[in-house]
Amino acid sequence: MNKPINITILGCGRWASCHAWYQSTKLGNNVTMWGRDDDPMYQSLATTRKNGFWELPDNVQTSSDLAGVLAASDYVYIIISAQGMRDLSSKIAAALATSAGEKTFILCMKGIDEETNETLSQLLRRELNAADARARHSICVWVGPGHIEEFLNDQPGVMIVDGEHTKTVEHIAESFKSPIMKLYVGEDLIGTELGAAAKNVLGIGAGILDGANMVSLKGALMARGAYEVSKLIVAMGGKKMTAYGLSHLGDFEATLFSRNSNNRRFGEALITYLQQNPGLKKTPPPVELARELRLPLAEGVGTSLALHNLAKKYNVSMPITETVYRIVHHGINPLTCFGELFMRDNLREFNFS
């Protein structure tokens with residue numbers, strides 16, 4: 001029997017709970033879940049040892065000591081909101097700057113930083129190098145389709161691991177596979193991250209179509225959305241086909257059609273909100289809008305801003321992504337925006353040049 005691995009999970013939300021459950025109950029590893037002392041979610045978990053998803057077994061501990069959990073870990077999973085990564089990355093880099101040893105970070109998150117327009121691995125790499133350029137930490141990502149509700153019911157899943165170093169990625173995929181989890185090895189870190197992040201933006205669009213009773217257009221949303229994402233991936237140095245793999249197209253079902261997707265629910269709730277407020281000329285700013293919808297701010301909101309900026313920087317046409325951006329950041333009526341998509345000139349489906 002293999003010796004248990006020491007896993008630190010930075011985060012204590014639903015997806016962090018899923019990975020903690022998987023590592024501790026399916027693989028038998030020792031897990032420490034980290035959270036901030038001022039976070040009510042962490043305080044509840046640390047006090048009661050349970051949340052709405054599961055009850056912590058004996059091989060799962062909680063801690064708010066960031067330096068301590070980093071020092072004690074073999075692998076560090078980061079599973080927080082994408083827009084919280086900027087602040088946490090600087091804290092991680094500071095905590096590791098004076099410590100010995102190399103860490104392997106696994107980012108189980110989907111998003112692009114809305115201030116720097118960096119992928120999450122780029123953001124973490126920059127902070128780590130700024131703190132200690134000699135350190136040999138490794139950064140990977142673990143993304144793909146799935147929801148915690150399905151995994152906790154032992155429904156099998158297939159996901160992808162990608163990263164800076166192929167041998168590290170291969171080792172993770174082999175070490176953390178199980179009868180309910182098949183892990184593919186990715187070979188395009190920028191494409192994998194962009195695809196996973198963009199899927200959340202298109203998820204908001206899918207929810208808007210659901211709310212507007214235009215479900216028949218979700219097939220077009222998937223096909224055309226993947227195509228425009230593939231163009232951005234290529235423009236940024238990635239591989240075109242990555243958009244059609246597990247990180248993007250493979251993850252669509254878990255977002256575009258699942259009742260459990262926060263991004264899809266956000267878009268659908270937006271339409272309901274507009275129907276209940278017919279005189280509204282403009283939707284509120286994103287944070288206020290989330291409060292009005294009584295939902296967490298969808299990850300696709302911040303990512304739509306970053307993708308808008310990246311598309312402009314790399315001169316890539318992304319009409320669907322741009323439509324979602326205009327809806328959530330400029331308050332444009334969703335039905336007006338999607339109507340304008342149909343008024344675009346007829347073009348050939350693909351540009352093969």
**Student:** Between the side chains of T242 and D188, is a donor N or O closer than 3.5 angstrom to an acceptor N or O?
**Tutor:** yes
**Student:** Is the backbone of L297 close enough, under 3.5 Å, to the side chain of R291 for a donor and an acceptor to pair up by distance?
**Tutor:** no
**Student:** Which residues pass the ring-ring contact (aromatic ring centres under 6.0 Å, His included) test with Y75, sequence neighbours left out?
**Tutor:** F176
**Student:** With a 3.5 Å distance limit and no angle check, can you tell me whether K199 reaches the backbone of P145 through a side-chain donor-acceptor pair?
**Tutor:** no
**Student:** At their closest point, which heavy atom of S247 faces which heavy atom of G191, and how far apart are they?
**Tutor:** OG-O, 4.2 Å
**Student:** For T255 and N263, which I'm curious about, is there any donor-acceptor pair between the side chains at under 3.5 Å?
**Tutor:** no
**Student:** So that I can tick it off, tell me whether D58 and R49 are bridged by a salt bridge, with the cut-off set at under 4.0 angstrom between side-chain N and carboxylate O.
**Tutor:** no
**Student:** For T119 and E193, test the side chains for any donor-to-acceptor distance below 3.5 angstrom and give the result as yes or no.
**Tutor:** yes
**Student:** How about H248 and F252: are their ring centroids closer than 6.0 Å?
**Tutor:** yes
**Student:** If you take all heavy atoms of I80 and L10, which pair is closest and at what distance?
**Tutor:** CG2-O, 3.4 Å
**Student:** Indicate the ring-plane relationship of H308 and Y325, choosing parallel, tilted or perpendicular according to the 30° and 60° boundaries.
**Tutor:** parallel
**Student:** I327 and side-chain contact (heavy atoms from CB on, under 4.5 Å): which partner among L270, N333, T283?
**Tutor:** L270
**Student:** Strictly distance-based, threshold 3.5 Å: is any side-chain N or O of Q83 a donor or acceptor partner for the main-chain N or O of E114?
**Tutor:** yes
**Student:** Is a side-chain donor or acceptor of D162 paired with a backbone partner of T192 at a separation under 3.5 angstrom?
**Tutor:** no
**Student:** Residues in salt bridge (charged side-chain N to carboxylate O under 4.0 Å, His left out) with R126, at least two apart?
**Tutor:** E118
**Student:** Taking the side chain from E299 and the backbone from A82, do they hold a donor-acceptor pair closer than 3.5 Å?
**Tutor:** yes
**Student:** Are any side-chain N or O atoms of H329 and backbone N or O atoms of V301, one a donor and one an acceptor, separated by less than 3.5 Å?
**Tutor:** yes
